[in-house]
2 protein chains.
Amino acid sequence: MAVAARGAGSAQRILDLAERLIQVRGYNGFSYADIAQVMQVTKASLHYHFPSKAELVRRLMLRYAQRFRAALDEIDGRSAGAIGKLQAYVALYTGVLADGRMCLCGMLAAEFATLPVAVRTEVTRFFDLNEAWLATVLEQGRRAGELAFTGQPREAARLLVASLEGAMMLARTYDDVARFQEAGHRLLSGLSGKGAAAPRRRSASGAVM
Amino acid sequence: MAVAARGAGSAQRILDLAERLIQVRGYNGFSYADIAQVMQVTKASLHYHFPSKAELVRRLMLRYAQRFRAALDEIDGRSAGAIGKLQAYVALYTGVLADGRMCLCGMLAAEFATLPVAVRTEVTRFFDLNEAWLATVLEQGRRAGELAFTGQPREAARLLVASLEGAMMLARTYDDVARFQEAGHRLLSGLSGKGAAAPRRRSASGAVM
DNA sequence: GTCTATAGGTGGATAGAC
DNA sequence: GTCTATCCACCTATAGAC
């Protein structure tokens with residue numbers, strides 16, 4: 001009961017800020033001091049909620065994965081066709097990028113060699129999830145004649161994830177969301193059975209990525 | 001004359017180590033101490049050659065760009081067809097990845113927000129160069145009927161660069177070069193006029209990326 | 001839960017001897 | 001060119017008062 005009293009909660013706020021900081025500056029590019037400054041508290045206070053940076057990020061990853069799985073479920077429930085699902089999936093990326101951020105795991109993938117092991121595990125888990133979900137969508141789409149591609153759905157899914165992550169990173173480098181949108185459109189067109197998919201560009205409601 | 005006396009030169013050695021460190025750990029993940037340890041000298045000695053970290057990396061970028069441009073020129077001179085050029089281009093990535101490294105600029109692109117401005121400039125310059133070179137190859141290949149793709153060569157080139165960078169990052173995360181090779185093959189197949197390109201996998205002689 | 005205070009370490013960088 | 005010595009800022013983390 002008393003749990004619902006606090007508005008948002010300090011721990012959640014800390015995770016929110018850490019998330020954004022990592023997405024913009026990377027794991028090795030942010031510190032407790034950055035979060036403390038925005039929250040107007042001392043660094044020591046943060047250690048009460050998260051004893052170590054590694055633990056903070058690990059917890060962040062768990063929350064992130066949960067939210068992301070929910071987003072994919074939501075897409076599955078909302079969109080019927082494979083193309084619609086893929087468009088919604090790409091829109092997840094667009095929403096984050098429009099906010100000046102990278103995919104959390106895309107960022108951490110770059111710094112992979114310097115990450116705590118517990119965090120590494122969650123990063124690969126995230127990509128595994130993406131690949132598996134996309135592979136299912138692609139397979140069903142092809143079976144329904146809605147999509148066309150060669151080889152295994154899993155391989156096509158891997159390339160799609162990698163391409164979107166790379167396009168996101170490049171687009172952010174150029175501070176140009178349109179670059180990413182163009183890439184996303186080309187990728188979906190290449191998967192569409194009949195020519196180009198409708199270039200409808202829907203932005204995600206709440207950024208989940 | 002005395003210049004040729006020293007074997008390799010300390011400055012070059014420093015750049016070599018810094019390059020590898022950035023490609024594995026990132027700009028914010030390495031320090032003068034890392035280089036000093038390997039070279040068995042003090043940090044102060046490094047500052048004699050490169051007064052600041054920003055200057056060190058800027059100089060590194062200049063050397064890198066020069067070497068990369070030479071590699072593209074070499075490809076232009078060696079390979080006749082567009083597909084051959086693209087395969088050789090992909091092989092540049094493969095060679096670096098097989099050595100456990102990321103593309104230097106792909107890595108720096110992730111950390112873009114934390115980079116010294118002078119370094120940022122060189123990172124975007126690198127991608128501009130890649131896009132321009134690829135766009136030319138793609139355009140000529142399509143005109144010759146060797147390649148098939150829709151839209152502007154420039155847009156196709158951008159997607160290709162982004163996809164390769166993303167695939168490289170994911171493959172390194174999984175420590176699985178084959179993942180990248182599969183992605184590269186799929187990308188080239190998608191550009192090839194008639195079905196799949198020969199899955200000939202040539203590794204770069206000297207890693208230039 | 002948040003504070004002060006502080007520990008112990010590492011970061012990039014400089015001065016001046018050799 | 002390389003060293004010792006040192007600076008100062010910042011980092012993660014802890015102890016203990018409030």
Side-chain angles (χ1 to χ4, degrees), chain A residues 1-19 21-22 24-61 108 111 113-120, chain B residues 1-22 24-61 107-108 111 113-120:
Chain A
M1 313 195 167
V3 173
R6 270 180 276 88
S10 298
Q12 290 301 314
R13 183 83 199 289
I14 293 168
L15 291 180
D16 289 342
L17 292 170
E19 184 171 316
L21 281 164
I22 294 176
V24 174
R25 302 178 53 89
Y27 182 84
N28 296 315
F30 91 101
S31 71
Y32 273 49
D34 295 324
I35 299 173
Q37 190 181 19
V38 176
M39 289 186 70
Q40 303 254 56
V41 295
T42 61
K43 291 183 288 174
S45 300
L46 305 180
H47 280 282
Y48 167 80
H49 297 281
F50 302 97
S52 73
K53 188 178 180 179
E55 174 64 11
L56 191 166
V57 178
R58 195 186 65 84
R59 291 266 299 279
L60 172 58
M61 297 294 294
L108 294 175
E111 299 175 292
T114 68
L115 299 180
V117 178
V119 177
R120 286 190 205 183
Chain B
M1 310 194 167
V3 172
R6 271 180 276 85
S10 298
Q12 290 302 313
R13 183 83 200 289
I14 293 168
L15 292 179
D16 289 342
L17 292 170
E19 185 172 315
R20 168 170 286 271
L21 281 165
I22 295 176
V24 174
R25 303 178 52 88
Y27 182 85
N28 297 315
F30 91 102
S31 71
Y32 272 50
D34 296 323
I35 300 173
Q37 190 182 20
V38 177
M39 289 186 70
Q40 304 251 58
V41 295
T42 61
K43 290 186 292 174
S45 301
L46 305 180
H47 280 282
Y48 167 79
H49 298 280
F50 302 97
S52 74
K53 188 177 180 180
E55 174 64 11
L56 192 166
V57 178
R58 194 186 65 83
R59 291 267 297 278
L60 173 58
M61 297 295 293
M107 200 71 177
L108 294 175
E111 300 175 292
T114 68
L115 299 180
V117 179
V119 176
R120 286 190 205 183

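Labels below follow one simple rule: chain letters A, B, ... track the order of the sequence lines, proteins then strands, and each chain is numbered from 1. FYI, side chains are in, hydrogens and waters are out, and symmetry mates aren't considered; it's all heavy atoms of this structure.
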A/K43 side-chain N/O to A/S31 backbone N/O, donor-acceptor pair under 3.5 Å:
no
Output yes when at least one side-chain N/O atom of B/Y48 is less than 4.0 Å from OP1 or OP2 of D/dG1, else no.
yes
Is there a side-chain contact between B/F30 and B/R20, using heavy atoms and a 4.5 Å cut-off?
no
Test your reading of the model: is there a side-chain donor-acceptor pair from A/R25 to the backbone of B/T114, 3.5 Å cut-off?
no
Of B/A44 and A/Y27, the one whose closest nucleotide on DNA chain D sits nearer the 5' end is B/A44
Determine, step by step, whether A/L17 and A/Q37 satisfy the side-chain contact (heavy atoms from CB on, under 4.5 Å) criterion, reporting the C-alpha distance in whole Å, the side-chain angles of both residues, the deciding distance to 0.1 Å, and the verdict.
CA-CA 11 Å; A/L17 292 170; A/Q37 190 181 19; over 6 Å; no
Quick one, B/E55 with B/R58, criterion side-chain contact (heavy atoms from CB on, under 4.5 Å). Give me CA distance, side-chain angles, the key distance, then yes/no.
CA-CA 5 Å; B/E55 174 64 11; B/R58 194 186 65 83; 3.2 Å; yes
Given atom CG of A/L46 and atom P of D/dC11, what is their separation to the nearest angstrom?
12 Å
So which of residues 31-42 of chain B are in contact with DNA chain C, with a heavy-atom cut-off of under 4.0 Å?
B/S31, B/Y32, B/A33
Between D/dC10 (C1') and A/K53 (NZ): distance, integer Å:
12 Å
Test B/F50 against B/L15 for side-chain contact (heavy atoms from CB on, under 4.5 Å), laying out the working first.
CA-CA 10 Å; B/F50 302 97; B/L15 292 179; 3.6 Å; yes
Below 4.0 angstrom from OP1 or OP2 of D/dT12, is there any side-chain N or O of A/S52?
no
Report yes or no: does A/R120 contribute a side-chain atom to a donor-acceptor pair with the main-chain N or O of A/L108 at less than 3.5 Å?
no
Between A/Y32 (side chain) and A/A44 (backbone), is there a donor-acceptor pair under 3.5 Å?
no
Round to the nearest Å and state the distance from B/E55 atom CD to C/dA13 atom C1'.
14 Å
Please determine whether a side-chain nitrogen or oxygen atom of B/H47 lies at a distance below 4.0 Å from atom OP1 or OP2 of D/dT2.
no
When you get a sec, tell me which of D/dA13, D/dT2, D/dT12 is the closest nucleotide to the side chain of A/K43?
D/dT12
Atom pair distance, as rounded to whole Å: CG in A/N28 and P in C/dG11
11 Å
Is it true that a side-chain atom of A/E111 and a backbone atom of A/G26 form a donor plus acceptor pair closer than 3.5 Å?
no
Under a 4.0 Å heavy-atom cutoff, the residues of residues 11-20 of chain B touching DNA chain C are none
B/S10 side chain N/O closer than 4.0 Å to the phosphate oxygens (OP1, OP2) of D/dT2?
yes
Reckon A/F30 touches a base, only the sugar-phosphate, or nothing at all at heavy-atom distances under 4.0 Å?
sugar-phosphate
Figure out the CZ/P separation between B/F50 and C/dG11, and round it to whole Å.
19 Å
